[in-house]
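All values below come from the heavy atoms of this structure, side chains included, with hydrogens, waters and symmetry mates left out.
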Amino acid sequence: MRELEEKTGVNREVIRILLRKGLLPEPLRLARNQAEYDETHVRAVAVVRELQKGSRLTLDQIKELLDGNGLDSGAGAQTYQHLEELLAIRFGLAETRLVPLGAIAERNPMADKDAHTFEQMGMIELVNDGPEPRLSLTDARIVEIWAQIRELGFNEETGFPPGNIAFYRDAAEEVAAKEAAVFLKGSAGRITEEKAAAMLQGALPLMLDFFGLLRLKAFMRNIHEAVDASDNDAS
């Protein structure tokens, strides 16, 4: 515990709280008053701190999200990436805890239909190894976001079924592939893996905002051009 305090900069009372709330994996108990911690505990503490500082979540909110609740809280994509990492660390699994599709459908009646549509489009993955389909936290959030978009009027009745946005998948894959290629080429032999990880951790959320603003500008330009063309045709 003393070494864990030193490596994380977090005192043991806070670490014990994280353990009690289930936010850290249980240590190896060597004896009644002796426990062994490792680098997974160091990383898990760091992820919790990142969620507290970067996403401004309380420990109870983090626990709620880990349990598959509060998915409609408006947390950003980076938050869910941290949550999935924390889950993988906590349970010692390559995959993370999965959210039952039925739990999402309780809040969103169209969740089942949307989730299966998005799976067919290759945008999310449904795990069908139990009594009902389940999704990762990130995929569950995608379904929740589409539910919010539906509430704004983008639905089948107005001509906006989920299938209309297949181009987002293609665009995301293309942009991500180019981002990865540029980063790997630029960083090769110049920085350490640790430095690269730190750079990406800070830059990816900013790049999402950066790309979002560029997309907004392009969208508005296309709208204006379409309106101008329509006015010219009318005249």
Side-chain angles (χ1 to χ4, degrees), residues 17-29 40-41 43-45 47-48 50-52 55 57-158 160-170 172-173 176:
I17 290 173
L18 300 182
L19 284 166
R20 284 199 299 272
K21 289 184 177 292
L23 301 179
L24 302 183
E26 282 296 319
L28 177 62
R29 302 289 178 181
T40 61
H41 293 90
R43 182 55 193 156
V45 172
V47 173
V48 170
E50 288 163 3
L51 286 166
Q52 287 182 296
S55 300
L57 297 174
T58 66
L59 296 181
D60 287 338
Q61 287 173 323
I62 295 172
K63 178 67 167 61
E64 189 176 38
L65 285 166
L66 288 175
D67 290 338
N69 301 315
L71 290 171
D72 56 352
S73 63
Q78 189 74 3
T79 296
Y80 287 93
Q81 292 170 8
H82 285 322
L83 288 167
E84 293 197 335
E85 180 182 2
L86 185 58
L87 281 169
I89 292 171
R90 193 174 79 181
F91 294 106
L93 302 171
E95 67 273 13
T96 63
R97 178 183 291 185
L98 302 173
V99 179
L101 181 55
I104 306 172
E106 291 178 3
R107 300 184 295 273
N108 168 22
M110 299 296 292
D112 187 83
K113 178 182 177 181
D114 290 343
H116 283 88
T117 299
F118 288 152
E119 182 186 41
Q120 293 172 1
M121 294 161 61
M123 296 174 67
I124 68 170
E125 180 180 356
L126 290 174
V127 178
N128 296 291
D129 60 356
E132 66 173 313
R134 297 177 297 157
L135 307 85
S136 71
L137 286 171
T138 298
D139 286 353
R141 180 60 181 147
I142 288 173
V143 176
E144 291 275 2
I145 289 174
W146 186 252
Q148 294 173 359
I149 292 173
R150 278 185 175 279
E151 291 177 359
L152 295 173
F154 292 85
N155 50 47
E156 287 80 356
E157 288 74 21
T158 57
F160 296 97
N164 276 13
I165 60 168
F167 63 87
Y168 275 121
R169 174 205 58 216
D170 300 334
E173 291 289 342

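One distance of note links CD of E50 with CZ of R43; it measures 4.5 Å at 0.5 Å rounding. Between atom CG of residue L51 and atom CG of residue L57 there is a gap of 6.0 Å, rounded to the nearest 0.5 Å.
Residues meeting the side chain to side chain donor-acceptor pair (under 3.5 Å) test with Q52, sequence neighbours left out: R49. For the side chain to side chain donor-acceptor pair (under 3.5 Å) test, residues two or more places apart in sequence or in another chain that qualify with N155 are T158. Checked against ring pair (Phe, Tyr, Trp, His ring centres under 6.0 Å), Y168 has no partners two or more places apart in sequence or in another chain. A111 is linked by a side chain to side chain contact (heavy atoms under 4.5 Å, CB included) to L101, I104, A105, N108, V143, counting only residues two or more places apart in sequence or in another chain. R150 is linked by a side chain to side chain donor-acceptor pair (under 3.5 Å) to D114, E156, counting only residues two or more places apart in sequence or in another chain.
Ion pairing between a basic and an acidic side chain is recognised when a charged N comes within 4.0 Å of a carboxylate O; E125 and R134 show no such pairing.
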Enumerate, atom names and distances included, each donor-acceptor pair closer than 3.5 Å involving a side-chain atom of residues 116-124, sequence neighbours excluded.
| unit_1 | atom_1 | unit_2 | atom_2 | d |
| --- | --- | --- | --- | --- |
| H116 | ND1 | D112 | O | 2.8 |
| T117 | OG1 | K113 | O | 2.9 |
| E119 | OE2 | L126 | N | 3.3 |

| request: Take I165 and W146 through the side chain to side chain contact (heavy atoms under 4.5 Å, CB included) test and state the conclusion after the steps. | output: CA-CA 11 Å; I165 60 168; W146 186 252; 3.6 Å; yes
| request: Go through D60 and E64 one step at a time and tell me if the side chain to side chain contact (heavy atoms under 4.5 Å, CB included) criterion holds. | output: CA-CA 6 Å; D60 287 338; E64 189 176 38; over 6 Å; no
| task | Run the numbers on E173 and D170 for side chain to side chain contact (heavy atoms under 4.5 Å, CB included), then give the verdict. | result | CA-CA 5 Å; E173 291 289 342; D170 300 334; 5.9 Å; no
| request: Please lay out, stage by stage, how L135 and V127 fare under the test side chain to side chain contact (heavy atoms under 4.5 Å, CB included). | output: CA-CA 6 Å; L135 307 85; V127 178; over 6 Å; no
